[in-house]
Student: 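Take a look at the following structure, please.
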Amino acid sequence: MECSAPNCQPRPSAALGRKLSRLRPWVQTGFLGVWLAPVGRWLHGIPGCVFHCYSCPLSSFACPVGVMANYAALLPAVWEVPYLLIGLLLFVGAVSGSLVCGWACPFGFLQDLLGKIMPRKISLPAWVGYFRYVVLVGLVILLPMILGFKGIPFEKQVISICRLCPAGALEAGLPYSVQSFMAGKGWMMSGLKTGILISFFAAALFIHRPWCRMFCPLGGFLALFNRVSLFHLRYNPKECVECNLCRSRCSMGVKVDEKVNVSGCIRCLECTTCGAIEPCFALPQNTPPDKAKTQKKTPAA
């Protein structure tokens, strides 16, 4: 979608954004080769930095959400801290924030592809993103910890993030169930998980990245670093011609010309095609956009 406003002309500052927009699908495709590389089970002990099911037949790294929940179930009885996972997520968050969500996550890429089938989407209010932290604190940390304290290991917990995860249903439950069904052994996946998978597919057709926007605990955690990460977005009011292109290109519904680097941003960088938003790699030094706009519009004395 290009700007058709009279005052919106092609600007050199938007050239990088247009190149990034064309490059992103190829980068996402390339990362599939990393997360779906069947290189052996030995890498499963190393957590990844994207949302990807550990039980997928082609998975290479461990799912960070599953690792976190497993360790939470151990904490009441055995004080084991996942230092590697914590260090990895803190490093990724501090360097790039939620950039991996928009450029490297395989489950996010799948939702992008499903979203192209139905171009018209249902808009969601920004506050739905807070459910991600309910999932993070409730399902990933507190519930496994409480049940673990009662002596129930994580793999035997009836309710858990892994049993309710659409990525697990798609990447592990579906291939194993199809294999079992073709072998004449029936459908392996439970009715609950099958329903979750069907609901996910339906939601992804009418809502852009429904899992990322409303429920992803990993994306919610990484988004906490968006305001302080080295990689960030910078709004330049002098380049803004109020064409509304940055908002129209943002599929997550972020008003980037008012607030950049908010937790709802997955840093797909589509907004940079307008020329007023630019990616930066430095310590964030953002002037509040509303104040910058006011200064821009105030005539000089």
Side-chain angles (χ1 to χ4, degrees), residues 35 44-56 59-94 96-101 104-108 110-111 127-173 190 192-193 195-197 199-200 203 209-226 263-264 266:
W35 313 124
H44 276 188
I46 303 175
C49 60
V50 296
F51 194 72
H52 178 43
C53 183
Y54 169 93
S55 298
C56 174
S59 66
S60 51
F61 295 90
C63 172
V65 176
V67 171
M68 190 181 304
N70 271 278
Y71 272 92
L74 294 174
L75 281 179
V78 181
W79 188 257
E80 293 190 17
V81 180
Y83 293 109
L84 178 60
L85 173 65
I86 294 175
L88 173 67
L89 295 184
L90 289 177
F91 175 78
V92 172
S96 64
S98 58
L99 181 68
V100 296
C101 300
C105 180
F107 202 60
L110 171 65
Q111 292 174 84
W127 56 264
V128 300
Y130 291 114
F131 283 117
R132 297 178 297 174
Y133 303 104
V134 175
V135 175
L136 175 62
V137 177
L139 281 179
V140 180
I141 299 176
L142 288 183
L143 183 61
M145 189 180 297
I146 293 171
L147 295 179
F149 183 74
K150 294 181 178 181
I152 305 174
F154 181 73
E155 61 272 12
K156 294 184 178 181
Q157 295 178 7
V158 178
I159 301 177
S160 68
I161 180 64
C162 291
R163 294 184 184 273
L164 300 175
C165 173
L170 174 66
E171 300 175 9
S190 67
L192 173 61
K193 206 146 192 176
I196 289 174
L197 181 59
S199 300
F200 161 73
R209 287 203 177 201
W211 174 258
C212 303
R213 298 185 73 170
M214 295 185 285
F215 302 114
C216 184
L218 177 61
F221 177 81
L222 293 176
L224 294 175
F225 294 85
N226 278 355
S263 61
I266 60 169

Student: Rounded to the nearest 0.5 Å, how far does CE of Met145 lie from OH of Tyr71?
Tutor: 14.0 Å

Student: Quick one: sort the Phe221 and Phe225 rings into parallel, tilted or perpendicular, breaks at 30° and 60°.
Tutor: perpendicular

Student: Give, for atom CG of Leu170 and atom CD1 of Ile196, the distance between the pair rounded to the nearest 0.5 Å.
Tutor: 12.5 Å

Student: Is the backbone of Leu147 close enough, under 3.5 Å, to the side chain of Gln157 for a donor and an acceptor to pair up by distance?
Tutor: no

Student: Which pair of heavy atoms, one from Ala167 and one from Cys53, lies closest together, and at what distance?
Tutor: O-CB, 3.9 Å

Student: Determine yes or no for a side-chain-to-main-chain donor-acceptor pair under 3.5 angstrom, with Asn226 supplying the side chain and Ser98 the backbone.
Tutor: yes

Student: What I'd like to find out is whether the side chain of Leu89 reaches to under 4.5 Å of the side chain of Leu218, using heavy atoms alone.
Tutor: yes

Student: Is it true that atom OH of Tyr133 has more than 12 heavy atoms of other residues, nucleotides or ligands lying nearer than 6.0 Å?
Tutor: yes

Student: Where do Cys165 and Lys193 come nearest, in terms of heavy atoms and distance?
Tutor: O-CE, 3.7 Å

Student: Minimum heavy-atom separation for Phe154 to Ala73, with atom names?
Tutor: CB-CB, 3.8 Å

Student: Is there a donor-acceptor pair under 3.5 Å between the side chain of Arg163 and the backbone N or O of Ser160?
Tutor: no

Student: What are the two closest heavy atoms between Gly108 and Cys212, and how far apart are they?
Tutor: CA-SG, 4.2 Å

Student: Any idea which heavy atoms bring Leu222 and Val100 closest together, and the distance?
Tutor: CD1-CG2, 3.4 Å

Student: Of all the heavy-atom pairs spanning Leu75 and Glu80, show the shortest one and how long it is.
Tutor: CD2-O, 3.5 Å

Student: Test of understanding: with side-chain contact (heavy atoms from CB on, under 4.5 Å), list the residues that count as partners of Val81, not counting sequence neighbours.
Tutor: Trp79, Tyr83, Ile86

Student: Measuring from Glu171:CD to Trp35:CH2, what's the distance to the nearest 0.5 Å?
Tutor: 12.0 Å

Student: Flag the pair Leu110 / Pro106 as yes when at least one side-chain heavy-atom distance between them is below 4.5 Å, and no otherwise.
Tutor: no

Student: Please report the interatomic distance CD1(Ile161) to CG(Leu136), rounded to the nearest 0.5 Å.
Tutor: 9.5 Å

Student: May I ask you to test the Pro217-Met68 pair for a side-chain heavy-atom distance under 4.5 Å?
Tutor: no

Student: Would you please indicate if the ring centroids of Phe107 and Phe200 are separated by under 6.0 Å?
Tutor: yes

Student: Keeping to residues at least two apart or across chains, list the salt bridge (charged side-chain N to carboxylate O under 4.0 Å, His left out) pairs with something in residues 209-223.
Tutor: Asp112-Arg209

Student: For Tyr54, does its backbone N or O pair with a side-chain atom of Ser59 as donor and acceptor, under 3.5 Å?
Tutor: yes

